[in-house]
Protein chains: 2
Amino acid sequence: MSSDERRELVLDAATTVFGEAGYHGASTDAVARAAGVSQPYVVRMFGTKQQLFLDVLGRALDQLMEAFRAAIAGDQEVPLPRRLGLAYFELTGNRGILLCLMHAFSLGAEPVIGPAARCGFMDVYRLLRDEGGMSADEASAFLAGGMLSNVILGVRMLDDYDEDPAVRELLVTVFPEKLEIIRATHPPRQPAAGSRAGASGSR
Amino acid sequence: MSSDERRELVLDAATTVFGEAGYHGASTDAVARAAGVSQPYVVRMFGTKQQLFLDVLGRALDQLMEAFRAAIAGDQEVPLPRRLGLAYFELTGNRGILLCLMHAFSLGAEPVIGPAARCGFMDVYRLLRDEGGMSADEASAFLAGGMLSNVILGVRMLDDYDEDPAVRELLVTVFPEKLEIIRATHPPRQPAAGSRAGASGSR
DNA sequence: GTCGCTTGTAATCATCCGATTACCTATTGT
DNA sequence: ACAATAGGTAATCGGATGATTACAAGCGAC
């Protein structure tokens, strides 16, 4: 397999792993195992874990912005916020992208990740303002909704869908349509705990 | 000094340290140093680092909810969202509280922190709905704004206030008043880099 | 065929970190 | 006086982890 293919493979794996555990919580070994390669290979490909994270972050931002650009260029009949919302929904299919962004956004104090995260955030803001033609208020409101959605994905609120009516109400409000598709895309990781009768019994 | 006083002191320090570096990025030793005690003492007081984080998280949620409750009970002349916004602004004075929440919200996959974070998030949502009398849409919109604010604090966007007009525009939009106070409360950590004339010059 | 490059791994190193143990020092109750 | 208890630390241990080194297999050029 060519190096570039492996590289993409590793970046995909790293996006997932960093998305789940965060920058500090993820190990290069976990990334390597997820990608099916050895740990030294991962660090040699990217130099350092930090550089790997920066590459993951950059790629996530690229994917996000490309999706938004396509939405902006899309069917002008449908209102822009809705087009962007649908683009966001598609991104939702790969939790890793959005969760890595959230982790990066929480690490502003990191000496090199912090500035990169700020720069990436502003790139998105500028995209909405300049290419999307949104006002500052519109862009902020859209970003606010996106941040709430990201947090809901990050905290795995979908895992509690069956546990609590208030969770359902919140999710229906935040994802007014497509919730069922998102639910299907993001299956609970612990077996829903509410499912009675010792499913595959612990112990 | 009594054990309870030390405990609060350590919890304060831990809130700051966890807020800066996140759960995995912070060490019990960093917390201990910030609190002025020894590392073994910190872990003996809380059992494990995880339990310490859970206690920090619980206390942060308590402080958040107490502030919101006070806002709800406040001057009924002024609209509720504004009262809550002012309460949020006060919380902003201690970055650690809000940043710890954000870190927790990004760790939904953690087996014990995740559920605690979900529960805490829903407690806040229910507070807004039930005690605040907000609709689901109103509560979601308020939370969305809060999440964007938290991200902006977490990514330390205020550090770039002087670097980029777009940053100023965004900050003015998200913190339409009190921005100057928040700026004063959250001084940049790297010396603003924009200050001309080779300040302590790189290289 | 063999040189040299690319793609990869096994083994190992050095460090950090959470946790444990053992010990120290006041104060307090009797 | 002197246990007993609370508050606290130094020393250390064991595991995890990022990084480095050395090595090996495939393969195209000449």
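In this pair, F142(A) and F68(A) present their aromatic rings perpendicular. The plane angle is above 60°, beyond the 30 to 60° band.
Between R7(B) and D55(B) there is a salt bridge, with a side-chain nitrogen of the basic residue lying less than 4.0 Å from a carboxylate oxygen of the acidic one.
Here A32(A) lies out of heavy-atom contact (under 4.0 Å) with every strand. Residue-level contact check: A26(B) touches the backbone only, with heavy atoms under 4.0 Å from sugar-phosphate atoms and none from bases. Counting non-hydrogen atoms under 4.0 angstrom, S27(A) reaches the backbone sugars and phosphates but no base.
Computed from coordinates, the H24(A) NE2 to dC17(C) C1' distance equals 14 Å when rounded to whole Å. Here dG18(D) presents its P atom at 15 Å from CD of Q51(A), a figure rounded to the nearest Å. Distance, E5(A) CD to dT6(C) C1': 14 Å, rounded to whole Å. Residue D29(B) contributes atom CG, which lies 20 Å from atom P of dA16(D) at whole-angstrom precision. The nearest whole Å value for the distance from the CZ atom in R33(B) to the P atom in dC16(C) is 11 Å. As rounded to whole Å, 14 Å separates atom C1' of dA19(D) from atom CD of Q50(A). At whole-Å resolution of the value, CE in M45(A) and P in dT7(C) are 10 Å apart.
Looking only at side-chain heavy atoms (C-beta outward), M157(A) and V151(A) stay at 4.5 Å or farther from each other.
Put simply, T28(A) has a side-chain N or O that comes within less than 4.0 Å of OP1 or OP2 on dG18(D). Using a 4.0 Å cut-off, no side-chain N or O of S38(B) falls inside it from OP1 or OP2 of dG8(D).
E169(B) and Y125(A) share a donor-acceptor pair across their side chains, judged by distance under 3.5 Å alone.
The backbone N or O of A26(B) lies less than 3.5 Å from a partner atom in the side chain of K49(B), making a donor-acceptor pair.
Proximity note for Q39(A) (side chain, C-beta onward) versus dG18(C), dA19(D), dG8(C): the nearest is dA19(D). In the set dG18(C), dT9(D), dA19(D), dT9(D) carries the atom at the smallest distance from any side-chain atom of Y41(B). Across dA19(C), dG7(D), dA22(D), the shortest atom-to-atom separation from the side chain of R44(A) is found for dA22(D). Nearest to the side chain of K49(B), among dT9(D), dG7(D), dA19(C), sits dA19(C).
Summary of the strand contacts: P40(A) and G25(A) both lie near DNA chain D, and taking for each the nucleotide with the nearest heavy atom, the more 5' one is attributed to G25(A).
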